[in-house]
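We number each residue from 1, following the sequence as shown. Predicted model, so just to flag it, every value in this text is computed and none were measured.
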Amino acid sequence: MHPAFLYLPGDRLTVPELSAARIDGLVVDLGEGYIPADLVESPSARAAAIASLVPVDTAASGPSAAWIHGAGDAPPARHHVRRAVSHRIRPALPSRVILHDTALPRAHVVMIGGVPVMTPERTMVDLALGLHRDESLRRWMLLLAHAEPRLVPAALVALGTMIRVPGKRAGRGALERLLVRTR
């Protein structure tokens with residue numbers, strides 16, 4: 001998506017101007033910004049809309065990555081990012097962003113709309129692994145499976161190769177039930 005189609009509040013237009021354009025039906029809100037109402041919402045548009053929330057050396061992960069990959073209509077209330085470098089970082093984060101401070105291998109990061117994002121398969125795996133801590137992740141698993149059904153069996157295979165990972169048993173069970181539902 002061309003950056004000219006993304007309107008961030010205070011950038012080219014003020015918040016009152018964007019609000020008026022939204023009321024007139026000229027733009028719709030998307031993430032942290034607005035896009036023209038007739039523009040097709042794409043993964044690159046979604047990623048660009050939250051680019052300001054993804055610090056350097058991190059990648060969008062969890063529910064944020066699922067939303068970018070097409071899960072659901074609305075972005076998550078709190079965005080998730082994960083460290084995408086091997087060394088420790090200390091980014092200044094807004095209160096709406098959660099940093100997961102475990103390194104994400106380069107093979108599990110894709111660039112979408114100029115923003116590093118966790119791959120769809122790894123996103124499904126991480127959502128499944130996090131279920132034992134946060135039941136709300138199940139919703140994002142369902143939405144992502146609806147957007148890309150092939151991810152469920154791929155995530156099961158990837159989960160099977162992991163050894164001694166917290167949440168693996170609960171994640172595998174959730175993915176197996178999801179596999180039955182999507183068939």
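Other residues, nucleotides and ligands contribute more than 12 heavy atoms inside 6.0 Å of the CG atom of D24.
Side-chain contact between P63 and L137 is present, with at least one heavy-atom pair separated by less than 4.5 Å. Proximity of P91 to V56: side-chain heavy atoms (C-beta onward) are nowhere separated by under 4.5 Å.
Applying the side chain to side chain donor-acceptor pair (under 3.5 Å) criterion to S42, with sequence neighbours excluded, gives S44. In terms of the side chain to side chain donor-acceptor pair (under 3.5 Å) criterion, R90 has no residue partners (sequence neighbours excluded). In this view, R138 and E135 satisfy the salt bridge (Lys or Arg N to Asp or Glu O under 4.0 Å) rule, not counting sequence neighbours. Considering only residues two or more places apart in sequence or on other chains, R22 meets the salt bridge (Lys or Arg N to Asp or Glu O under 4.0 Å) condition with D29. Applying the ring-ring contact (aromatic ring centres under 6.0 Å, His included) rule to H80 yields the partners H100; only residues at least two apart in sequence or on another chain are considered. Partners of R164 under the salt bridge (Lys or Arg N to Asp or Glu O under 4.0 Å) rule, at least two apart in sequence or in another chain, do not exist in this structure. Residues meeting the salt bridge (Lys or Arg N to Asp or Glu O under 4.0 Å) test with R96, sequence neighbours left out: E32.
I98 and W140 sit in two unconnected hydrophobic clusters of ILVMFWY residues. Membership requires side-chain heavy atoms under 4.5 Å apart, directly or through other members. No continuous path of hydrophobic side-chain contacts links L144 to V109 [ILVMFWY only; heavy atoms under 4.5 Å]. At a threshold of 4.5 Å between side-chain heavy atoms, the hydrophobic network of Ile, Leu, Val, Met, Phe, Trp and Tyr places V157 and M141 in two separate groups. Under the 4.5 Å side-chain heavy-atom criterion for grouping Ile, Leu, Val, Met, Phe, Trp and Tyr, L93 is not connected to V85 through any hydrophobic cluster. Follow the hydrophobic side-chain contacts under 4.5 Å out from L151 and you reach L179 in the same cluster.
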Please tabulate, one pair per line, all N/O donor-acceptor pairs under 3.5 Å involving side-chain atoms of residues 118-125, not counting sequence neighbours.
unit_1	atom_1	unit_2	atom_2	d
T119	OG1	R122	N	3.3
R122	NE	D126	OD1	2.9
R122	NH1	H108	ND1	2.8
T123	OG1	M118	O	3.4
T123	OG1	T119	O	2.7

Exercise answer: donor-acceptor pairs, residues 9-20 side-chain atoms, under 3.5 Å, sequence neighbours excluded:
unit_1	atom_1	unit_2	atom_2	d
R12	NH1	A4	O	3.1
R12	NH2	A4	O	3.2
R12	NH2	L6	O	2.6
T14	OG1	E17	N	3.3
T14	OG1	E17	OE1	3.2
E17	OE1	T14	N	2.8
S19	OG	V15	O	2.9

Please list every donor-acceptor pair under 3.5 Å in which a side-chain atom of residues 46-55 meets a protein atom from a residue at least two apart or in another chain.
unit_1	atom_1	unit_2	atom_2	d
R46	NE	E41	OE2	2.6
R46	NH1	W67	O	2.5
R46	NH1	G72	O	3.2
R46	NH2	E41	OE2	2.7
R46	NH2	G72	O	2.8

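Going from atom CG of L104 over to atom OG1 of T102 covers 7.5 Å, rounded to the nearest 0.5 Å. Rounding to the nearest 0.5 Å gives a distance of 9.5 Å between CG of L26 and CG of D38. With rounding to the nearest 0.5 Å, the separation of CG in L99 from CD1 in I89 is 5.5 Å.
The shortest heavy-atom contact between P75 and G31 is CG-CA, 4.1 Å. What you find for L30 and A45 is that their closest heavy atoms are CD2-O, 3.6 Å. V28 and P36 get closest at one heavy-atom pair: CG2-O, 4.4 Å. Scanning all heavy atoms of the two residues, the minimum distance from I68 to A60 falls at CD1-CB, 3.9 Å.
Judged by distance alone, the side chain of R172 and the main-chain N or O of A128 form no donor-acceptor pair under 3.5 Å. With R83 contributing its side chain and S86 its backbone, the two residues share a donor-acceptor pair below 3.5 Å.
Under the ring-ring contact (aromatic ring centres under 6.0 Å, His included) criterion, no residue pair touches residues 26-55, with sequence neighbours excluded. Here side-chain hydrogen bond (donor to acceptor under 3.5 Å, both in side chains) pairs that include residues 54-64, with residues two or more places apart or in two chains, are S64-H79.
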